[in-house]
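Notes follow the structure.
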Amino acid sequence: MRGGKVLLAALALALGVCPAHASECSQANAIYEDQAGHELRFEPVGSEAAVTSNHFKIRIAGASLALDGVVMASGEPERPHGIVMHDCPTGDVTGAELSACTVWQGPIYTVDGAGKIGLLEAEDSPAAVQILLPDFGPSLRASTAWGEGKAQSDSSDAFRFTGCAA
């Protein structure tokens, strides 16, 4: 039986299957899902010079819609502040344009295996067990991402770890 487990582990690595536990995954590769089936997937930032500490996408269940998210340190005291956007223009944008395409913004909290609430860590840290986006559900409903052909199911604001991208 031991040889079978080793073979399965080698096969999983060859196929690019990643760990199923948050502690074995970096935050940059963590995948989460809420009760409605919306997926929150972190992506590597790609530059040490970037002003953002994390990037992510939220794929809306039942729609071919993906929202872009970034995390930047802000506030006093400084803490991770997330912004989720839908169809934002690129290049030089005004504050009004950015406001119009912002779906949600606020602090991003994490929950560990013991239920302790903390702040989102940098992308090279171990993945959180759960991600909390306070008031994301109501903000989604009030945004341009809501409606026919777009989001039509509420988010619970809580996303639980479901996997790790290769």
Side-chain angles (χ1 to χ4, degrees), residues 9 12-61 63 65-88 90 93 95 98-99 101-143 145 151 153-166:
L13 284 174
L15 294 175
V17 177
C18 281
H21 299 288
S23 63
E24 299 170 359
C25 182
S26 71
Q27 192 63 59
N29 295 316
I31 303 167
Y32 300 86
E33 191 172 289
D34 72 0
Q35 291 178 339
H38 303 323
E39 179 189 82
L40 189 156
R41 180 181 291 254
F42 281 87
E43 303 170 336
V45 172
S47 171
E48 290 184 26
V51 295
T52 56
S53 61
N54 302 84
H55 290 180
F56 61 92
K57 289 206 181 300
I58 298 178
R59 299 206 188 288
I60 302 300
L65 179 65
L67 308 174
D68 296 311
V70 296
V71 181
M72 298 177 283
S74 70
E76 191 62 44
E78 195 171 85
R79 62 185 179 169
H81 184 85
I83 302 173
V84 175
M85 298 161 284
H86 172 247
D87 283 343
C88 282
T90 57
V93 295
L98 186 59
S99 180
C101 66
T102 298
V103 173
W104 172 88
Q105 63 179 321
I108 297 184
Y109 297 104
T110 61
V111 181
D112 67 15
K116 181 181 174 194
I117 296 176
L119 297 172
L120 182 68
E121 297 289 332
E123 70 174 358
D124 59 350
S125 300
V129 172
Q130 195 171 25
I131 300 290
L132 302 175
L133 305 180
D135 290 328
F136 176 71
S139 295
L140 176 62
R141 226 180 3 265
S143 77
S153 57
D154 280 334
S155 173
S156 64
D157 302 347
F159 295 79
R160 64 178 170 68
F161 180 84
T162 58
C164 191

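Position 1 is the first residue of the sequence, and the numbers go up from there.
- Judged purely by atom type and a 3.5 angstrom limit, W104 uses its side chain to pair as donor or acceptor with the backbone of P134.
- With sequence neighbours excluded, no residue forms a side chain to side chain donor-acceptor pair (under 3.5 Å) with R59.
- Contact between T90 and V93 at its shortest, heavy atoms only, is O-CG1, 4.1 Å.
- At distances below 3.5 Å, at least one donor-acceptor pair connects side-chain atoms of D112 with backbone N or O atoms of G115.
- Of all non-hydrogen atoms in V103 and S143, the two that sit nearest each other are CG1-OG, 3.7 Å.
- The backbone N or O of G95 sits nowhere less than 3.5 Å from a side-chain atom of S99 that would complete a donor-acceptor pair.
- Residue E43 places its CD atom among more than 12 non-hydrogen atoms of other residues, nucleotides or ligands, all under 6.0 Å distant.
- Of the possible donor and acceptor atoms, one in the side chain of H38 sits under 3.5 Å from a partner among the backbone N and O of A61.
- For the 3.5 Å distance criterion, the side chains of D124 and S26 fail to qualify, holding no donor opposite an acceptor.
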Before giving the answer on side chain to side chain contact (heavy atoms under 4.5 Å, CB included), spell out for Q130 and T110 the whole-Å C-alpha distance, their side-chain angles and the decisive distance to 0.1 Å.
CA-CA 6 Å; Q130 195 171 25; T110 61; over 6 Å; no
Working note: L67 + F136, criterion side chain to side chain contact (heavy atoms under 4.5 Å, CB included); need CA distance, chi angles, decisive distance, verdict.
CA-CA 12 Å; L67 308 174; F136 176 71; 4.3 Å; yes
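- Although no hydrogens or angles enter the test, the distance criterion places no donor-acceptor pair under 3.5 Å between the side chain of S125 and the main chain of E121.
- Counting only distance, with no hydrogens or angles, the side chain of D157 and the backbone of D135 share a donor-acceptor pair below 3.5 Å.
- Minimum interatomic distance between A128 and F161 (heavy atoms only, all atoms of both residues): O-CB, 3.9 Å.
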Walk me through it: do V71 and I83 pass the test side chain to side chain contact (heavy atoms under 4.5 Å, CB included)?
CA-CA 6 Å; V71 181; I83 302 173; over 6 Å; no
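- Relative ring orientation between F42 and F56 is described as tilted, the plane-to-plane angle lying within the 30° to 60° band.
- The closest donor-acceptor contact from the side chain of D68 to the backbone of M85 lies at 3.5 Å or more, if one exists at all.
- Put simply, the side chain of E123 reaches to within 4.5 Å of the side chain of P44, judged on heavy atoms.
- The minimum heavy-atom distance between A145 and L140, with the atom names listed, is CB-CD1, 4.0 Å.
- The side-chain heavy atoms of F159 and V111, taken from C-beta on, include no pair separated by under 4.5 Å.
- The nearest pair of heavy atoms linking A165 to I31 is N-CD1, 3.7 Å.
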